[in-house]
Protein chains: 4
Amino acid sequence: MSLNTFGHLFRVTTWGESHGPALGATVDGCPPGVPVDEAFLQQFLDKRRPGQNKHTTQRQEADAVKILSGVFEGQTTGTPVQLMIENTDQRSRDYGEIAQTFRPGHADITYHQKYGVRDYRGGGRSSARETAARVAAGGLARAALKALVPGLEVVGYMTRMGDVTIDRDAFDWDEIARNDFWVPDAGAVGIWAEYLQGIRKAHDSVGAEIEVVCRGAPAGLGAPVYGKLDTDLAAAMMSINAVKGVEIGEGMAAARLKGTENADEIFMGEAGPEYSSNHAGGVLGGISTGQDIVVRFAVKPTSSILTPRRSIRLDGSPTEVITKGRHDPCVGIRAVPVAEAMMACVILDHYLLHRGQVGDGPRGVIG
Amino acid sequence: MSLNTFGHLFRVTTWGESHGPALGATVDGCPPGVPVDEAFLQQFLDKRRPGQNKHTTQRQEADAVKILSGVFEGQTTGTPVQLMIENTDQRSRDYGEIAQTFRPGHADITYHQKYGVRDYRGGGRSSARETAARVAAGGLARAALKALVPGLEVVGYMTRMGDVTIDRDAFDWDEIARNDFWVPDAGAVGIWAEYLQGIRKAHDSVGAEIEVVCRGAPAGLGAPVYGKLDTDLAAAMMSINAVKGVEIGEGMAAARLKGTENADEIFMGEAGPEYSSNHAGGVLGGISTGQDIVVRFAVKPTSSILTPRRSIRLDGSPTEVITKGRHDPCVGIRAVPVAEAMMACVILDHYLLHRGQVGDGPRGVIG
Amino acid sequence: MSLNTFGHLFRVTTWGESHGPALGATVDGCPPGVPVDEAFLQQFLDKRRPGQNKHTTQRQEADAVKILSGVFEGQTTGTPVQLMIENTDQRSRDYGEIAQTFRPGHADITYHQKYGVRDYRGGGRSSARETAARVAAGGLARAALKALVPGLEVVGYMTRMGDVTIDRDAFDWDEIARNDFWVPDAGAVGIWAEYLQGIRKAHDSVGAEIEVVCRGAPAGLGAPVYGKLDTDLAAAMMSINAVKGVEIGEGMAAARLKGTENADEIFMGEAGPEYSSNHAGGVLGGISTGQDIVVRFAVKPTSSILTPRRSIRLDGSPTEVITKGRHDPCVGIRAVPVAEAMMACVILDHYLLHRGQVGDGPRGVIG
Amino acid sequence: MSLNTFGHLFRVTTWGESHGPALGATVDGCPPGVPVDEAFLQQFLDKRRPGQNKHTTQRQEADAVKILSGVFEGQTTGTPVQLMIENTDQRSRDYGEIAQTFRPGHADITYHQKYGVRDYRGGGRSSARETAARVAAGGLARAALKALVPGLEVVGYMTRMGDVTIDRDAFDWDEIARNDFWVPDAGAVGIWAEYLQGIRKAHDSVGAEIEVVCRGAPAGLGAPVYGKLDTDLAAAMMSINAVKGVEIGEGMAAARLKGTENADEIFMGEAGPEYSSNHAGGVLGGISTGQDIVVRFAVKPTSSILTPRRSIRLDGSPTEVITKGRHDPCVGIRAVPVAEAMMACVILDHYLLHRGQVGDGPRGVIG
């Protein structure tokens, strides 16, 4: 990871500000011959797009992605793929106050302190709009994975929003795409909607916990000791706006477990090793086991709220900040497609990295 | 991060296996003119060294670090610093069974599946011995930070071990270095010792939670959007053996908070902005605020236990694994100096990165 | 250098194909607060732009650069700068034959062999149009250098075109910008024009030698041993289309020299060390001496000529290739602004790299 | 390339100073399962080793390479390989004068100006001794290439030393290993020996030109546009001490050629495309054609000569420098095995990079 670039071989550089003319992702290192077009990518952008349901910001952005390079006659050429999304809903407004004030919980103050200059319109580079570019790049990664690893799937869903959680006993993969919260529990939907309505009415916001799972990844992805699969997944998730914690498998709960409880015992199955459980989250020593790869992360509550908070101005004078405007009461909802995109990029990157070092063929056969 | 290297400008490449002749760290990009010698580095290695107290493995390793390059007449020259630690306690033994068997919870099976070949002696590259090299590199980072940012401190401590925790109301910085558990709570020490004794007698092991704090870091370290300070800290911690979760500030608990609760309000202090609280953990938008930078992580219980666990052999046949030998019942204890080292490396790296892009001088002044 | 990215801290990723909708450069790591706008960049693009004089291709491209991100209110913000150039002169034509045929001396055949798919329109990614993006990025580098190192200049010029050369005794810096060949020798212009006219009439093309000089760079830029200033300059120049050789200072002629001839003796001047000569080309041990940094390179003759050359088709059948269309008889002419851009990028990158590792202040003072 | 590291996937970081306890190479990203041992590597080090023939320095170094990690039971494990060479011939001496004086043509002055501190003993990091580490790493690259691309060969030889050259009509591959100059022309050996004897007696030194050829590399290695094969080869060669120019194929002579002369016409052969000539040096558009890859470079004359040269001291006072001691009158001789090593590393690196992005299988078939 190097400032605005992530990835080893599948390298994604995002660019652009919230209220500039456009933003996008420059993707280098994509394998050639991958079938992809704008419509394929657009489906993922539409999942993240604001204004899609009543629980997210009502800012209207088409978020239409254009492929400017690297794709020819419907397939990737192996050269850089430029994915551009034009900003269309940049409401003309007076930025006088925002330019002078630091919103608590935002990057306004740190960007100012670091650079001495900042694009204050809509948060500039620190806006969550940057994640649209990640979703576009993630769509390309999915297209490549589809071609290279048939059957591999990356699916994200919410597991908690403030005080409400899902019922893991009611887990239903098919339910995820059916509701506004990407929850795998049909019974939760109504409760969550009501809960969020209460938050919104109280002029407040709320945090969330999201889980992303990669199913069907082969064993052997990841590398010691700083290119571990879980290291890169942790970095990928932590780089998403508002994320404050990342877990693999048992995550923070591992601190409470005993060795006898935590052991994933190994058995020989039809197609290779199988495990009695998946406390490890599909990663041992930084390398995938072939089990589900399970990542979980927490998103803090939106800092932009209608309840006044104390802050200072550029000149050091005290002020109170109320953030009016079109903000999500729970940014965690729209973080789901973003996290899926990041995971797809990491998995593809490690697939290529493994193929580079070790080759396509089978390595350590068991049994 | 690139396989066995981490860092952008202060780049650390570790090498070596548990039972090879030596291991070490090749550190490139260290500023010149930093006063350092082997004795300075050794103090940090001694904190991590096995056999130091009755709660850690009784393997005897001198862990004596040698500086082979990059230091001349007591100061760094700006060229690569090679830090080598020879392995001295490689007990001669029969590895026949270990070579054929995969220990549950270890990287044995994934290394085999990835590479088709593995150094099975003591876990090879996946052994926690690799972290000795990190501690040496971290010592060098501390020497550089000492010269560049007077007053900056990096301190780690345990906050939980299985069922026992510290009492945050009894927090005492000075206590940390006084006890075997690096806990900042004198009252906890006896309770923890007794608890761990019970775990050991039950032929079991236990997880832990560690917190590392950087105090005195300037505002402005870190960069959007994949070179965020918290992104690199998350990667650094997740790359440590057995770590399953990483948190910044509120961490996973942020999912339960409301925006009104989570806001760190801003005031003008004598020397610059001050905050009413530090839910953010000292990082906003990936850039340091000047507050304490707070990272927390969980370590899983040691997989090597005396209680038998089911597994398979190379040929797929079933077996039971009991790991005899010299293993820590709680690897979290020795993870404390390792995590401090990683944080020191990340902070120094971002200090240099910031200086490269933005320069030495003050940038966005407030007030 | 990593596929389509070059630079350590000032990182330029170019993207785009000759006949796609657009091409550009994603520039990460630019210092903040650098005054720049599209008009400043456009002057460099206009130097490279086709159709500017009668000796270059008559393809008409506006080559108008748009800044899509990273610049706010007339100065850089420290976030990625996206520089986009739309392709406007994409003549509609039948690509049937070109799609099936490999032009000798072009990348057609190697792109096909590598990727199995290629954008054959105008050479796709391998087209010299890609260098427009470099020139845009180089303009940004110049803007930053102007702000950071007052007085530093990067100037390129031709020294040879086939059989004709400049007269070094008639060297005149001011002449360079006045003629169509960027030659520092007014007497050469007419001779060169006539010579090139002859080449064109003979349905042929010709190679060229270009020299680029950086004046006013401080001592201390560059680093051992793979981040040497001359190493990065060599890579930068060799990455330009059609370049087959790169020299620093004496270059290949150094093979013929004796030690007594090659020595640049050192004296103490008013402002620091001075040298009796500059055989070294301003670089010792990979680090700048403060003298002029002198790079020279050779460009092969355009492969696209009207004289038929034998080749094969995709199916292996033999064919003859005549490249009609709008091609430069000497691509070396337009390589001058490209090489200046590359040098500006390398110098800025090493300035930032040096500042990161060593800091802003003076280091080893002499005298 | 990143300070002291080169390579994308096969990453070599060298460390160590001329008169420190040891130097070496940390090699990350080597494929697993490559058969290699110290004896295999030693044969390449012995070619570079000083004191081997009467034309090179009489410094006595065993240059015995030790493998400290990454190789287990005779094959690589895929983890970092540490190659260490201990310095044994560090004559105890008085460094007083050398510490205060800058030798013309050496990096003494630029290291001082950059870092403010330098290891002045024997040139420290800038000494050609660093290349011993490259040769060790190159040996590992050769071992990997041997396993991955049977039949591939990398061979270097001298083509010029000052005023004497080889006769290309007498070119004999088998002769190269038979003489002290690595010349492919038996008739040249005696003439060269006499010529060098004259140089030495005149207390002078002389430059050289070396050519390195890779035979048997597959088509498709290299990538647009900053990861070109020739770009990386140019950087690799230019990073070697004393190198001032690098050429691919025609090299600088391309500036004199016409398009009709330079064209490598293409024909269909038994096993794939064949070419009428190899002006391109085996690389088109940065990607290998399958022909011989031909790199040529010039090495300047050794700056350390017995003839006095004027210089200054640390305090700015004038002095004269005579470099006594054990220096090669033509460093180009020992540059041959170094250049072979660099080429082997670059070729392997691009092989892995290609396999990562594109896979093992055949891509664009012709015919």
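Below, read A as the first sequence line, B as the second, and so on, with proteins coming before strands; counting in each chain starts at 1.
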Item checked: Taking every non-hydrogen atom, the tightest pair across A/Leu145 and A/Leu348 ->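 Heavy-atom minimum between the residues: CD2-CA, 3.9 Å.
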
Next item on the list: Measure across C/Cys345 and C/Val12 and return the closest heavy-atom pair with its distance rounded to 0.1 Å.
Entry: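 Reported closest heavy-atom pair: SG-CG2, 4.3 Å.
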
Note to self: Are the side chains of C/Pro104 and C/Val321 in contact, using a 4.5 Å heavy-atom criterion?
What the structure shows: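 Yes - at least one pair of side-chain heavy atoms lies under 4.5 Å apart.
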
Note to self: Quick check for you: among A/Thr14, A/Leu23, A/Val117, A/Val81, which has the greatest number of heavy-atom pairs under 4.5 Å with chain C?
What the structure shows: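 Maximum pair count with chain C is reached by A/Val117.
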
Item checked: Option that, when pairs with chain C are counted at under 4.5 Å, heavy atom only, ranks first among A/Thr79, A/Thr13, A/Val27 ->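 That would be A/Thr79.
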
Residue, of [options], that accumulates the most heavy atom pairs under 4.5 Å with chain A:
options: C/Val71, C/Ile67, C/Leu68; result: C/Leu68
options: C/Gly70, C/Pro31, C/Gly24, C/Gly116; result: C/Gly70
options: C/Gln82, C/Arg125, C/Glu17; result: C/Gln82
options: C/Pro80, C/Gly124, C/Gly29; result: C/Pro80

Notebook entry, point to check: Which atoms of A/Tyr120 come close to chain C, meaning under 4.5 Å heavy atom to heavy atom: side chain ones, backbone ones, both, or neither?
Noted result: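 Contact with chain C is through both the backbone and side chain of A/Tyr120.
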
Next item on the list: Show the numbers, then the answer: is there a side-chain contact (heavy atoms from CB on, under 4.5 Å) between A/Arg48 and A/Thr131?
Entry: CA-CA 9 Å; A/Arg48 195 213 73 100; A/Thr131 60; 2.9 Å; yes

Check: Could A/Arg121 and A/Asp119 be called an ion pair, given the rule that one side-chain N must be under 4.0 Å from one carboxylate O?
Finding: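 Looking at A/Arg121 and A/Asp119, the cut-off is met.
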
Notebook entry, point to check: Should C/Arg118 and C/Asp108 count as an ion pair when the cut-off is N to O under 4.0 Å?
Noted result: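 A salt bridge is present here (some side-chain N lies under 4.0 Å from a carboxylate O).
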
